[in-house]
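What follows is a short report on a single structure.
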Amino acid sequence: MTQIRSMIFSTHPLKLTVDEIAKQASLSRSYFQHTYKKLFGSTVTEDIIASRLEYAKLLLATTDSTVKEIAELCGYETDVHFMRQFKSRTGLTPSLYRRYF
């Protein structure tokens, strides 16, 4: 499970899903999610989101890519969903984050 968590935080551009990760671990989705939360104290979905947003912060601070491009690079289907999730977790829009950092 530790290797799986490391994979989640090191493969930012991939569009990881819980089903794909559970399949790689040869576990049912339900058992995988239960075990993951028990071991790490957070859900696999929360960690996937955290990983994507950390990668987005890095891209916002170090590139001139548009918010839409960054959303795509981080595995989001739409930039609107990315912007909402980013703001709800950081308190800033991606554009404001870029200005401050």
Side-chain angles (χ1 to χ4, degrees):
M1 285 290 189
T2 303
Q3 288 177 332
I4 290 171
R5 192 168 200 223
S6 293
M7 177 192 67
I8 290 169
F9 282 98
S10 66
T11 56
H12 309 290
L14 298 179
K15 292 182 181 182
L16 295 172
T17 66
V18 176
D19 288 329
E20 291 168 345
I21 299 169
K23 187 176 179 180
Q24 288 176 1
S26 300
L27 300 171
S28 72
R29 177 188 172 106
S30 175
Y31 183 75
F32 171 71
Q33 288 179 303
H34 175 75
T35 304
Y36 191 96
K37 182 161 184 167
K38 188 175 178 181
L39 285 172
F40 301 116
S42 64
T43 67
V44 66
T45 303
E46 289 168 347
D47 279 354
I48 290 170
I49 292 168
S51 175
R52 288 177 177 179
L53 293 179
E54 284 305 311
Y55 187 53
K57 288 177 187 178
L58 175 70
L59 294 173
L60 287 165
T62 61
T63 72
D64 291 329
S65 299
T66 66
V67 171
K68 184 175 178 123
E69 291 168 340
I70 291 172
E72 290 173 8
L73 288 170
C74 293
Y76 286 90
E77 295 294 324
T78 68
D79 56 333
V80 173
H81 179 68
F82 164 68
M83 289 185 285
R84 284 184 185 151
Q85 204 164 63
F86 191 93
K87 185 171 183 182
S88 73
R89 299 265 194 313
T90 67
L92 299 170
T93 65
S95 298
L96 281 176
Y97 183 89
R98 176 174 267 161
R99 278 189 218 146
Y100 293 128
F101 300 96

Atom [atom1] in [X], atom [atom2] in [Y]: separation rounded to 0.5 Å?
X: Ile70; Y: Lys57; atom1: CD1; atom2: NZ; value: 13.0 Å
X: Thr90; Y: Tyr97; atom1: OG1; atom2: OH; value: 8.0 Å
X: Ser95; Y: Leu60; atom1: OG; atom2: CG; value: 8.0 Å
X: Gln3; Y: Ile8; atom1: CD; atom2: CD1; value: 12.5 Å
X: Thr93; Y: Arg98; atom1: OG1; atom2: CZ; value: 10.5 Å

Met1 versus Leu27: any side-chain heavy-atom pair under 4.5 Å? yes
Are Lys68 and Glu72 side-chain neighbours, meaning at least one heavy-atom pair lies under 4.5 Å? yes
Between Leu92 and Phe101, what is the shortest heavy-atom contact and its length?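 Shortest heavy-atom contact: CD1-CE1, 4.2 Å.
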Residues passing the side-chain hydrogen bond (donor to acceptor under 3.5 Å, both in side chains) test with Arg29, sequence neighbours excluded, are Asp19
Show me the donor-acceptor pairs within less than 3.5 Å that the side chains of residues 79-89 make with the rest of the protein, sequence neighbours left out.
| residue | atom | partner | partner atom | Å |
| --- | --- | --- | --- | --- |
| Gln85 | OE1 | Tyr76 | OH | 2.4 |
| Ser88 | OG | Arg84 | O | 3.4 |
| Ser88 | OG | Gln85 | O | 3.0 |

Tyr31: which residues meet the ring-ring contact (aromatic ring centres under 6.0 Å, His included) condition with it, sequence neighbours left out?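 For Tyr31, no residue satisfies ring-ring contact (aromatic ring centres under 6.0 Å, His included) once neighbours in sequence are set aside.
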Is it true that a side-chain atom of Glu20 and a backbone atom of Thr17 form a donor plus acceptor pair closer than 3.5 Å? yes
Strictly distance-based, threshold 3.5 Å: is any side-chain N or O of Ser51 a donor or acceptor partner for the main-chain N or O of Asp47?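 Checked: no pair found.
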Can Val18 and Phe32 be said to form a side chain to side chain contact (heavy atoms under 4.5 Å, CB included), step by step? CA-CA 9 Å; Val18 176; Phe32 171 71; 4.3 Å; yes
Does a salt bridge link Glu77 with Lys15, judged by any charged N lying under 4.0 Å from a carboxylate O? yes
Show your working on side chain to side chain contact (heavy atoms under 4.5 Å, CB included) between Glu46 and Lys37 and close with a plain yes or no. CA-CA 10 Å; Glu46 289 168 347; Lys37 182 161 184 167; 5.6 Å; no
Only one of Thr43, Ile21, Leu53 passes side chain to side chain contact (heavy atoms under 4.5 Å, CB included) with Ile48; say which it is. Ile21
